[in-house]
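These notes are about the structure you will find just below.
Given the structure is predicted, the values throughout are model-derived calculations rather than measurements. Just so it is clear, the values below take in all heavy atoms, side chains as well, and ignore hydrogens, waters and symmetry mates.
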Amino acid sequence: MLFTKFVFFQKMHSSSLTTTLLSLITIFILCFNGATMVDSHDIFKLPSPLPKWPPGGGFASGSIDLGGLEVSQVTKFNKIWAINEGGPENLGATFYDPVNIPQGFSSLGSFAQPNNIPLFGHVLVGKDVSKHPSKPTLKPPIDYTLVWSSQSLDMKRDGEGYIWLPNAPDGYKAVGYIVSGSPVKPPLDKVSCVRADFTDTANNNNTVVGLENENDLYLVGLNVYHSMSGFVVGNDNGSVATLKGGLANSMPNLNQIKTLIQTYSPVIYFHPDEQYFPSSVDWFFENGALLYHKGEESKPNRVEKDGINLPQGGSNDDTYWLDLPLDGSNKDRVKRGDLQDASAYFHVKPVSGGLFTDIAIWVFYPFNGGSRAKVKFLNVSLGKLGEHVGDWEHVTLRISNINGELNSVFFSQHSWGKWVSASALEYHTGNKPMVYASLHGHASYPNPGCVLLGSEGTDVGVRDDTAKSDKMMDTGVRPVVIAAEYLAATAVVEPPWLNYERKWGPKIDYDVDKELNKVKSVMLWKFKKAFERLVESVPKEMLGEDGPTGPKVKNSWNGDEGV
């Protein structure tokens, strides 16, 4: 399930509190899908109704049976408390309790989100269907521990807020914190704790450097972080946990995957000045891509259809790499790709044990163009820096297996990335999100504009420019499902090129320092130091020093994005 971790820092007061060390607590509001306006009546809905899902299994059936514990979603809330400053756009955050809980179900926690975008989220509710009264899957807490209150905050807020940790009975775990507007302990039947064998230790993905989430909050006195696997506190020591899913009862079958692709496949917009477009992998091979073997560089081999002559498995040991055709005119043509022929490649996998489905959508570009930088008021070309053969980019859709609704989208951006709630996306038609590919570098963004990489708040950085144009790619037009490991082995046949784990481009043979000196030579002296600091701060891949590897070598292939 997608969760939110709330870490509260007691605000430092100048003389009265001296240097009060962080009062670490968290709140952890189960199943976070998005954010809310201060006006809770402003509720986000996807632009189009959900389709009728093909039959089979438990996908999008409204609930998931985890084997004695049935879980469902509640999306209607009662406002408990709000803080009205800090965070995105300085609008604060609001905290809720679920209402209209179905008969027989129990709340597992409270809900919260920032106030800068419409309300879009849910909390999990659970029902004991084990038929084992001596060992039920749910039990009420035996007490509560107050872990934080807003009384010391010097910020605009609606009343006071109190965060409570349910104290679980032996053999059970709390999977959510409780929010109240009173210092009086909540009633014990307000929330349920879950039998420990249905839980995992919560995991915080925000420890990964560079991973961002659109719904993270950074407030004075209150910091709110996205967490993929559960509610985690800095010093929580396992006080709260996250639910285990159930793959057999929740993941989509192949027909349902096809409908998901038709429903949610993004549309990628390219910059008006883009020169290097995607292609299908087969097109790249059929138009002269070459396979090189170390020690036999003078005798490269043409790559055959589907990559059947590529070495399989192994490791990226620099003994093999791909490159463009040798013929000059053909080489330039292949560099530019073939947008009309381009395919998107879909990898379908479970997340949070099957409470969500992630669909990673991979797009191949034969060539990545050179970078540009902004240094104060100057825009400068970095020449060959950033150029490399074989560029793999992706976005990932996160979909609730309880109702089939799009939850959020991950936008990969060079060596990092960003999760964005479905409520904060632009949509092309129906429920198809819009993605903007950066000029030459092809990083993915949810909105057009310019991002300065490595800028650290200054006006010096490598430019990632995005804009809408008539050059676009609907990733659902020629979709190819390349992997869904949870299905039967015969359901999806992986193409041979997917298991080629070496480089898709050669190591760049130019002198990076020499290229940098060319750029610096045309700069005013007072800009040169700023430029040097910039170069040191950006990922090496942006300087194009080495060929990239394919999708299956990426860390996110077998895990969550950013891990």
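Within the model, atoms NZ of Lys418 and OG of Ser444 stand 12.5 Å from one another, a figure rounded to the nearest 0.5 Å.
Here the closest non-hydrogen pair linking Ser400 and Gln73 is OG-OE1, 2.6 Å. Trp81 approaches Ser150 most closely through the heavy-atom pair CZ2-CB, 3.5 Å.
Under the rule for a salt bridge (Lys or Arg N to Asp or Glu O under 4.0 Å), the partners of Asp465 that lie at least two apart in sequence or sit in another chain are Arg372, Arg463. For Trp53, the ring pair (Phe, Tyr, Trp, His ring centres under 6.0 Å) partners are Phe59, not counting sequence neighbours. For Ser250, there are no side chain to side chain donor-acceptor pair (under 3.5 Å) partners at least two apart in sequence or on another chain. Residues satisfying the ring pair (Phe, Tyr, Trp, His ring centres under 6.0 Å) criterion with Tyr436, sequence neighbours excluded, are Tyr269. Applying the salt bridge (Lys or Arg N to Asp or Glu O under 4.0 Å) rule to Glu160 yields the partners Arg157; only residues at least two apart in sequence or on another chain are considered. The salt bridge (Lys or Arg N to Asp or Glu O under 4.0 Å) check on Lys432 picks up Asp474, with sequence neighbours excluded. A search for salt bridge (Lys or Arg N to Asp or Glu O under 4.0 Å) contacts involving Lys552 returns Glu494, not counting sequence neighbours. Partners of Tyr144 under the ring pair (Phe, Tyr, Trp, His ring centres under 6.0 Å) rule, at least two apart in sequence or in another chain, do not exist in this structure. Partners of Phe411 by ring pair (Phe, Tyr, Trp, His ring centres under 6.0 Å), not counting sequence neighbours: none found.
Residue pairs meeting the salt bridge (charged side-chain N to carboxylate O under 4.0 Å, His left out) criterion with at least one partner in residues 140-151, sequence neighbours excluded, are Asp143-Lys185. Screening residues 60-79 for ring-ring contact (aromatic ring centres under 6.0 Å, His included), with sequence neighbours left out, gives Phe77-Tyr96, Phe77-Phe111. Among pairs with a residue in residues 93-105, those fulfilling salt bridge (charged side-chain N to carboxylate O under 4.0 Å, His left out) read Asp97-Lys190, at least two apart in sequence or across chains.
The pair Asp358-Arg398 meets the salt-bridge criterion, with a side-chain N (NZ, NE, NH1 or NH2) lying under 4.0 Å from an Asp/Glu carboxylate O.
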